[in-house]
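Computed from a prediction, not measured in an experiment: that's the story for all the values here. Naming convention: chains lettered A, B, ... in sequence-line order (proteins, then strands); numbering from 1 in each chain.
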Amino acid sequence: MSTSTTTTNLPHHIKPKEVSAESTASTSKLSQKTILHILNTKCTTSLQHLKQAHGVALRSGHFQDHYVAGAIVKCYASQHFSNFGFALKVFDSVWRPNVFVWNIVIKGCLENNEALSCISYYCKMVAMNARPNKFTYSILFKACTLVQAVEEALQIHAHVVKNQFGEDGHIRSAGIQMYASFGLVEEARRMLDEAVESNDVICSNAMIDGYMKCGDVEAAKELFEKHMPSKNIGSWNAMVSGLARCGMLKEARELFDGMSEKDEISWSAMVDGYIKGGCHKEALEIFNEMQKENLLSPRKFILSSVLAACANVGAVDQGKWVHAYIKRNTIQLDAVLGAALLDMYAKCGRLDMAWEVFENIKQKQISTWNAMIGGLAMHGRADDAIELFSKMQRSKLEPNGVTFLNVLNACAHSGFVDKGLNFFSSMKKFYGIEPEVEHYGCMVDMFGRAGQLEEAEQLINSMPIKPNAAVWGALLGACRIHGNVEMGERVGRILLELEPQNSGRYALLSNIYAKAGRWDDVEKVRMLMKERGVKTSPGISMVDIGGLVHEFKVGEGSHPQMKEVYLMLETIIEKLQMEGYSPNSSQVLFDIAEEEKETALQYHSEKLAIAFGVLNTKPGTTIRVTKNLRTCEDCHSTIKIFSKVYERDIIVRDRMRYHHFRNGRCSCKDFW
DNA sequence: GTAGGGTTAG
């Protein structure tokens with residue numbers, strides 16, 4: 001193949017830049033070394049330079065030099081240009097690529113999310129008698145990990161052994177990770193043990209991580225404690241993050257506290273562990289501690305974790321601090337961090353700020369739009385969510401499954417059944433997105449809220465995939481709203497089998513019976529819970545005042561201002577009663593998750609949080625409360641009246657959704 | 001003479 005045929009293969013729009021007549025004379029004289037230098041310095045970020053250098057290489061005849069060809073393919077394959085297909089075309093024009101050029105294209109496949117192609121290029125390579133080297137195999141192991149290609153991995157491993165690369169540390173650590181990701185933890189261990197004499201700390205770290213990911217904490221501990229004479233910070237980090245991920249937060253914390261040196265990954269592992277375990281307050285506390293140590297400047301990974309924690313506890317002031325920090329340190333607001341930031345504002349009830357962040361993100365990606373649409377949906381602003389969805393389509397971005405989840409959610413919460421149905425059917429028809437179980441859950445929720453319980457049940461029965469507990473849960477919730485005891489009983493029974501340890505399901509079923517006055521059945525549910533040893537989660541409400549998150553639990557007096565809070569709450573209730581409010585918790589609602597503990601002086605946590613808010617803010621200030629469970633009907637109606645009598649806005653985010661109380665009404669229109 | 005490993009990825 002000659003260089004001139006190479007150019008004709010190239011698609012027109014990206015053709016290497018023609019070199020003008022006068023410059024040809026000089027550029028064609030450029031040495032291979034000079035061209036390489038230009039490629040390695042100027043062409044990694046500038047497509048214009050790259051095309052020019054490509055053209056020069058072709059005309060000067062240096063293109064077929066493997067050093068040059070390799071560098072050119074590598075540049076085109078860079079994610080910076082997001083046109084990997086073209087890199088492959090250029091690769092095809094390389095005459096008998098050597099192992100280096102092959103490795104570049106195989107690695108390019110991996111980096112451009114085409115891991116399967118790694119394997120097929122490897123096959124081509126072998127077929128063309130190019131000898132793979134140790135670099136080839138560590139890339140291939142990673143590719144197999146990514147696509148979970150077990151069969152291929154075993155064959156490739158056999159090639160590694162045959163070609164005597166089994167002793168290479170890079171290949172070994174990639175192999176350990178790979179086998180652990182397949183769940184073949186013994187196979188991974190065998191690879192590690194073959195290297196007894198080399199005692200490679202990085203391979204051992206990979207093994208610790210592998211054990212942890214396979215849930216074998218004991219094996220990880222044993223390796224860490226007994227068989228690793230030399231450790232580095234990565235070994236400690238692997239242990240801390242593994243323990244934290246497995247929910248063993250206390251042990252993780254002990255190990256973490258004992259570290260002589262910590263890096264951002266150590267802190268991040270603890271923050272993430274706390275978040276995954278639902279301990280958002282602890283997550284924020286440890287982040288504050290990190291600030292105090294003042295040794296590290298947090299970067300985007302940990303910042304987005306912290307934002308997620310802020311979002312979950314409603315710590316808008318700390319969230320704002322993170323926002324200011326990002327601005328002050330000109331940290332780039334990429335898709336992940338941007339979405340975390342606007343999600344935080346939306347979840348803390350500050351849609352205005354979420355919107356501002358959204359508009360300021362220059363390079364909006366699909367996740368950016370999804371976060372904003374989700375924020376609007378969460379606040380019951382279905383019209384705005386749908387409008388934003390159309391706007392996104394106009395900007396030529398393809399929606400994904402998450403987009404539809406958010407749009408459907410918006411429809412469900414506003415009773416837009418017809419619109420929701422349209423979106424649902426267009427998913428597959430126009431976008432080729434197969435609805436997943438979550439989408440069905442949304443649809444069931446939508447029918448259910450709108451009172452179309454039969455349709456909801458029909459949809460479940462006609463689902464092509466197995467309905468999960470969330471889908472049935474949506475239907476059970478609808479049965480409660482619409483007081484359908486017959487269906488509720490049926491669905492409840494299915495759910496109690498599916499999730500025997502989920503206290504919320506028992507509570508919902510019990511509420512349905514209570515609403516129908518079937519106290520015997522309420523009692524039966526309660527007994528069943530006791531028998532099965534189901535743990536209830538206590539209601540916790542959090543309120544963010546002056547940058548500090550205050551936590552209130554039912555029947556717990558640990559807050560320093562507890563006495564005042566109770567007194568204030570008594571005063572409030574008295575005042576509301578004079579305005580016609582009467583508590584209805586004993587007859588209508590039976591929230592066993594909390595109710596068991598409720599006596600005359602033990603109010604639900606959201607009431608305590610609001611009383612605390614009244615004590616500590618000026619009249620007229622909006623009080624924002626975040627609750628871990630679904631709010632009960634009594635609290636809901638109390639807060640409605642409260643918002644009118646006290647002329648205050650109250651925003652409560654419960655487990656299900658947002659409630660914006662104003663002037664005696666709630667934004668959820670009493671559906672939640 | 002060209003290039004890699006582990007621990008976070010919300």
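Side-chain nitrogen and oxygen atoms of Lys107(A) include at least one within less than 4.0 Å of the OP1 or OP2 phosphate oxygen of dG4(B). Regarding contacts with the backbone of dT8(B), a side-chain N or O of Arg245(A) is found under 4.0 angstrom from either OP1 or OP2. Phosphate proximity of dG1(B) to Gln32(A): absent, as no side-chain N or O sits under 4.0 Å from OP1 or OP2. Phosphate contact (OP1/OP2 of dA9(B), side-chain N/O of Lys276(A), threshold under 4.0 Å): present.
The distance between atom CG of Asp334(A) and atom P of dA9(B), rounded to the nearest whole Å, is 15 Å. Taking atom CD of residue Gln365(A) and atom P of nucleotide dA9(B), one finds them 19 Å apart after rounding to whole Å. The separation between His62(A) atom NE2 and dG1(B) atom C1' is 16 Å, rounded to whole Å. Between the C1' atom of dT7(B) and the CG atom of Leu255(A) lies a distance of 13 Å, rounded to the nearest Å. For Phe256(A) and dT7(B), the CZ to C1' distance is 14 Å, given to the nearest whole Å. Following rounding to the nearest Å, Leu39(A) (CG) and dT2(B) (P) show an atom-to-atom distance of 17 Å. The distance from atom CG of Asn113(A) to atom C1' of dA9(B) is 14 Å, rounded to the nearest whole Å. Rounded to whole Å, atom P of dA9(B) lies 14 Å from atom CG of Asp263(A).
A donor-acceptor distance shorter than 3.5 angstrom exists from the side chain of Lys231(A) to the backbone of Phe224(A), with no hydrogens or angles considered. Here the side chain of Arg653(A) pairs no donor or acceptor atom with the backbone of Cys348(A) at under 3.5 angstrom.
The residue Gly169(A) sits close to a base: some heavy atom pair falls under 4.0 Å. Heavy atoms of Asn133(A) sit under 4.0 angstrom from at least one base atom. Residue Asp272(A) is classed as a base contact, given a heavy-atom separation below 4.0 Å to a base. In this structure, Asn98(A) reaches the bases: a heavy-atom distance under 4.0 Å links it to at least one base atom across the strands shown. Residue contacts shown for Asn40(A) are absent, as no nucleic acid heavy atom lies under 4.0 Å away. Heavy atoms of Leu36(A) sit under 4.0 angstrom from at least one base atom. Counting any heavy atom pair closer than 4.0 Å across all strands shown, Ser138(A) reaches a base atom. Within the nucleic acid shown, Ser204(A) has no heavy atom closer than 4.0 Å to any nucleic acid atom.
Picking from dT8(B), dA3(B), dG4(B) the nucleotide with the shortest atom distance to the side chain of Phe100(A) gives dA3(B). When distances run from any side-chain atom of Ile202(A) to the nucleotides dG4(B), dG5(B), dT8(B), the shortest one goes to dG5(B).
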Would you please test Ser367(A) and Asn370(A) for side-chain hydrogen bond (donor to acceptor under 3.5 Å, both in side chains) and show each step?
CA-CA 5 Å; Ser367(A) 54; Asn370(A) 286 350; over 6 Å; no

Stepwise, does the side-chain hydrogen bond (donor to acceptor under 3.5 Å, both in side chains) test hold for Asp168(A) with Tyr137(A)?
CA-CA 10 Å; Asp168(A) 183 84; Tyr137(A) 288 109; over 6 Å; no

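An aromatic stacking contact links Phe135(A) with the base of dA3(B), defined here by ring centres under 5.5 Å apart and ring planes under 30° from parallel. Evaluation of His170(A) against the base of dG5(B) yields no stacking contact (centre distance < 5.5 Å, interplanar angle < 30° required).
Checked against the 6.0 Å centroid criterion, the rings of Phe358(A) and Trp369(A) qualify as a close aromatic pair.
Checked by distance alone, Lys33(A) brings no side-chain donor or acceptor within 3.5 Å of a matching partner on the base of dG1(B).
Asn232(A) and Ser235(A) are linked by a side-chain donor-acceptor pair at a separation below 3.5 angstrom, with hydrogens and angles left out of the test.
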